[in-house]
Chemist: 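Please find one structure pasted underneath; my questions will follow.
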Amino acid sequence: MKEKFYITTPIYYWNGIPHVWHFYTSCIANVIYKYNKIYWKDSRFTTGIDENSQKAVIKANEAGMEVMDYLDSMAIEHKKVWDYFNFDYTDFIRTTSERHHKVVREVLQHCFDKWDIYEWEYEGMYCVWCESFKKDEDLVFRNKTTNETFPISDKVKESDNIEKVCPDHLKKPDTIKEKNYFFRLTKYQTWLEEFYQKNPKFVNPDFRYNEVKAFVSRWLEDFSISRETNTFGIKLPFDDNQVTYVWFDALFNYYTSCKYSRAWNKENTDFVDESDFWIKKDNNSLKVLHCIGKDIMRFHAIFWPAMLASYFDLWKEIDWVLHFDEEKDFSYLPDEILTWGYFTVDWQKMSKTIGNVIEPISYSEKYNKELLTLYMLSAFTIWRDWDYDRKDAILTYNAKLANNFWNLLNRAVVLTMKLDLENGLYSDIYENWYSSFYDQSQLNYNNNPFEWDIQWSIKFYNEEYSKYLSNYNLKDSLDLSFKFLDELNNFVTKKEPWTLMKDDSKIEEVKQILYTICEWLRQVSMNLYPFFPEKMSEVFTSLGLVGYAEKLESWEFEALRVEKVIYDIKEKAPILFEKFDLE
Ligand code: MSP
């Protein structure tokens with residue numbers, strides 16, 4: 001039976017077209033998804049939009065549209081971006097959808113029935129644009145005349161001209177006093193601590209996990225989950241005058257997609273509950289991975305497990321008394337939360353005024369999708385804050401893909417064509433080597449005719465690559481592939497097959513050299529496929545491998561790696577990676 005793998009992006013706020021920060025998140029998730037898919041896992045990948053907010057009503061009114069028509073148009077805009085990049089999501093979740101409403105209402109009712117949700121009066125400042133409550137320390141002062149902002153301090157007082165505003169939206173938050181429902185997060189404090197202790201890999205990287213643990217051990221507060229003043233959203237099943245907002249609504253999208261997957265009945269009305277992908281994980285057959293930016297880490301690492309514990313009855317108050325020492329039930333919880341930092345562009349915050357905004361589609365149209373992906377994933381390790389240096393991005397792409405990769409491929413194709421082989425390129429010297437490839441005990445590199453010329457073995461390369469990618473170390477796995485190509489380039493330069501070709505008695509050796517290059521290129525291209533699926537498909541075609549990307553997506557990867565291949569190269573390859581000039 002195939003293992004199950006489920007990867008998610010956050011659901012993005014619907015307002016505005018996805019920008020490069022969203023692209024970064026989806027791009028990482030897409031690579032990890034593709035990697036798991038070709039590794040023969042029953043994989044799912046979800047993304048979507050977070051729609052239920054009062055802002056939708058305001059914006060739709062401004063545009064003179066019905067709210068749902070307006071949101072439909074925004075959903076189309078979001079999908080357009082992901083489809084342009086060919087991200088392979090298996091489900092696109094909208095929080096206004098019927099299936100999601102059904103899940104959230106069921107969850108809310110259950111948590112309410114067991115007293116984990118209770119009613120309370122709330123008073124505080126609320127920024128509708130952030131969809132969050134604000135404390136004084138979250139705000140800044142703004143001078144209404146000059147529009148300047150500065151930190152709140154005792155020296156300055158609020159006045160007609162000075163107001164406290166949200167630093168991101170420069171708008172004064174509303175003061176709200178209303179009846180709200182709260183989630184009893186405090187009840188789950190010790191349960192959460194035990195969960196963290198038993199699951200040392202729950203948040204990746206460790207230093208962010210430490211922040212989460214420190215936060216939980218210091219202080220947790222019950223949090224508000226509903227709004228009385230909002231009208232647009234999912235109505236609480238136990239109070240028609242309130243809608244739920246933000247985290248109950250947003251986080252359960254991950255469950256919605258598993259519970260009511262995309263299999264609809266013919267009328268597109270009722271849900272067909274396939275098999276509930278989010279199974280109880282006794283047998284460890286499902287791995288759930290959430291990919292997020294650091295700003296929403298606490299919600300995912302603290303609120304989310306507690307909400308699931310409440311909904312799936314993983315822990316009850318009575319357990320305090322009766323079963324305090326017993327093992328807690330941690331099933332139904334996600335396995336890992338992969339978080340990353342923020343980046344600047346040319347060492348400055350991205351902004352229209354500075355003119356350093358990278359809009360993913362137009363940037364990719366100017367250069368190409370591979371340049372953006374390569375630089376974002378290879379320049380920095382994903383968990384640190386970093387900088388997108390636009391010049392370095394071009395240089396990196398030129399060096400790695402346009403020179404290193406493309407030159408090698410082009411040489412292999414042109415020289416093989418010169419041999420004019422009737423039955424394609426194959427070298428039987430590889431026969432034994434194939435059979436021993438994955439059997440450690442039999443592995444005999446003497447079967448590889450160039451063991452002294454190429455320092456690395458494919459086996460070593462593939463194993464290291466898999467180790468990096470299964471730890472989400474995308475940067476190191478890319479670096480490794482390009483180092484491997486360097487090695488191969490040195491080999492070709494040293495062997496000079498173009499010179500050997502002039503001597504008829506050396507043709508067999510030339511075939512071995514060219515076969516080695518093609519074979520090594522095939523291995524690298526398979527490993528680069530999760531990053532650049534479209535281009536790697538073209539590489540396979542250039543190597544004379546027809547329909548190879550489809551095969552990769554549906555066959556067992558390990559078997560394909562050791563497949564015996566004939567390189568039936570008939571045509572010169574189109575330029576797959578053109579070079580770009582620095583501006
Ligand atoms: N809707 C919530 C997520 C709910 S998930 C259950 C949300 N949406 S968002 O559109 O604001 O952000 C989605 C992702 O994009 C987050 O992972 C966030 O880290 C990333 N970014 C959004 N703005 C960002 C920057 N300015 N910089 C870097 N990444 C940020 O949060």
Side-chain angles (χ1 to χ4, degrees), residues 6-30 32 46-56 71 74-75 77-78 81-82 87 89 91-97 100 103-104 107 127-132 166-169 203-204 208 223 225 233-234 244-258 288-308 334 337-345 348-352 354 356-360 376 380 382-388:
Y6 179 40
I7 185 165
T8 67
T9 73
I11 42 170
Y12 303 109
Y13 288 127
W14 52 269
N15 49 324
I17 309 301
H19 50 57
V20 74
W21 284 312
H22 300 138
F23 169 83
Y24 183 54
T25 301
S26 289
C27 184
I28 292 173
N30 191 55
I32 300 174
T46 63
T47 190
I49 45 174
D50 195 347
E51 300 176 285
N52 293 320
S53 92
Q54 207 54 27
K55 268 183 279 185
L71 287 173
M74 292 310 292
E77 292 304 317
H78 274 251
V81 175
W82 307 138
F87 289 157
Y89 55 88
D91 198 356
F92 187 89
I93 303 164
R94 296 183 56 181
T95 55
T96 48
S97 65
H100 185 64
V103 163
V104 173
V107 169
C127 173
V128 69
W129 302 101
C130 299
E131 298 279 11
S132 70
C166 158
D168 295 327
H169 301 99
V203 177
N204 187 346
R208 293 232 162 83
F223 62 93
I225 61 134
I234 303 179
T244 187
Y245 89 108
V246 190
W247 296 108
F248 255 91
D249 176 10
L251 287 163
F252 270 93
N253 89 82
Y254 302 134
Y255 180 62
T256 297
S257 176
C258 291
V288 178
L289 174 70
H290 297 308
C291 297
I292 57 166
K294 63 179 180 182
D295 53 326
I296 49 177
M297 176 181 68
R298 283 190 194 163
F299 305 112
H300 282 76
I302 304 172
F303 289 16
W304 181 221
M307 284 149 106
L308 286 168
I337 297 171
L338 180 62
T339 66
W340 43 82
Y342 277 9
F343 60 90
T344 48
V345 175
Q348 284 175 300
K349 198 173 167 192
M350 216 166 49
S351 100
K352 285 206 174 109
I354 299 171
N356 63 349
V357 172
I358 297 179
E359 197 281 305
M376 288 202 128
F380 293 86
I382 59 177
W383 23 86
R384 300 264 162 219
D385 286 355
W386 56 282
D387 179 61
Y388 193 102

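As the structure lists them, so they are numbered: ligands from 1, and atoms in each ligand from 1.
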Chemist: Any heavy-atom pair between the side chains of Ile28 and Met376 that's under 4.5 Å?
Modeler: no
Chemist: Mind checking whether Tyr254 and His300 have parallel, tilted or perpendicular rings, split at 30° and 60°?
Modeler: tilted
Chemist: So, is Gly293 polar-close to ligand 1, with some N/O to N/O distance under 3.5 Å?
Modeler: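 There is such a contact, yes.
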Chemist: Counting only nitrogen or oxygen atoms and a 3.5 angstrom limit, does Asp50 reach ligand 1?
Modeler: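 Yes - when backbone and side-chain N and O of Asp50 are compared with those of ligand 1, one distance drops under 3.5 Å.
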Chemist: Glu359: which residues meet the salt bridge (Lys or Arg N to Asp or Glu O under 4.0 Å) condition with it, sequence neighbours left out?
Modeler: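 With neighbours one apart ignored, the set is empty.
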Chemist: Compute the shortest N/O to N/O distance between Ile11 and ligand 1 and return yes if it is under 3.5 Å, no if not.
Modeler: yes
Chemist: Taking distance alone, with N or O pairs closer than 3.5 Å, would you say Trp247 contacts ligand 1?
Modeler: no
Chemist: Please state which protein non-hydrogen atom is closest to atom 18 (C) of ligand 1 and give its distance, to 0.1 Å?
Modeler: Asp295 OD1, 3.3 Å
Chemist: Taking 4.0 angstrom as the limit and counting only heavy atoms of Ala250, give me the atoms of ligand 1 inside it, by number and element.
Modeler: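 Taking each heavy atom of Ala250 in turn, ligand 1 has 6 (C) under 4.0 Å.
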Chemist: Are Tyr254 and ligand 1 in contact, using a heavy-atom cut-off of under 4.0 Å?
Modeler: yes
Chemist: From atom 24 (C) of ligand 1, work out which of Trp21, Trp304, Phe23 has a heavy atom at the shortest distance.
Modeler: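 Considering heavy atoms of Trp21, Trp304, Phe23, the nearest to atom 24 (C) of ligand 1 sits in Trp21.
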Chemist: Between Tyr12 and Phe23, does the ring pair (Phe, Tyr, Trp, His ring centres under 6.0 Å) criterion hold? Intermediate values first, please.
Modeler: CA-CA 11 Å; Tyr12 303 109; Phe23 169 83; over 10 Å; no
Chemist: Using ring centroids (six-membered ring only for Trp), state whether Trp247 and Phe252 fall under 6.0 Å.
Modeler: no
Chemist: Compute the shortest N/O to N/O distance between Tyr13 and ligand 1 and return yes if it is under 3.5 Å, no if not.
Modeler: yes
Chemist: Is the shortest side-chain heavy-atom distance between Asp50 and Trp14 below 4.5 Å?
Modeler: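 No - every pair of side-chain heavy atoms lies 4.5 Å or more apart.
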Chemist: Can you tell me which residue and heavy atom of the protein come closest to atom 12 (O) of ligand 1, and the distance to 0.1 Å?
Modeler: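 The closest heavy atom on the protein side is His22 NE2, 4.0 Å.
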Chemist: Considering residues at least two apart in sequence or located in another chain, which fulfil the salt bridge (Lys or Arg N to Asp or Glu O under 4.0 Å) criterion with Arg94?
Modeler: Glu51, Asp72
Chemist: Any non-hydrogen side-chain atom of Asn15 less than 4.5 Å from a side-chain atom of Met74?
Modeler: no
Chemist: Could an N or O of ligand 1 be found under 3.5 Å from any N or O of Tyr342, whether backbone or side chain?
Modeler: no
Chemist: Scan Tyr342, Phe380, Trp386 and name whichever one has a ring pair (Phe, Tyr, Trp, His ring centres under 6.0 Å) with Tyr24.
Modeler: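 Answer after filtering Tyr342, Phe380, Trp386: Trp386.
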Chemist: Looking only at protein heavy atoms, which one is nearest to atom 23 (N) of ligand 1, and what is the separation?
Modeler: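 Here the closest protein heavy atom is His19 CE1, 4.0 Å.
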Chemist: For atom 31 (O) of ligand 1, which candidate among Leu251, Ile296, Thr344 holds the nearest heavy atom?
Modeler: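 Of the listed residues, Ile296 has the closest heavy atom.
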Chemist: Quick one: look up the protein heavy atom nearest atom 13 (C) of ligand 1 and list residue, atom name and how far away it is.
Modeler: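 Checked against all protein heavy atoms, atom 13 (C) of ligand 1 sits closest to Tyr12 CD2, 3.5 Å.
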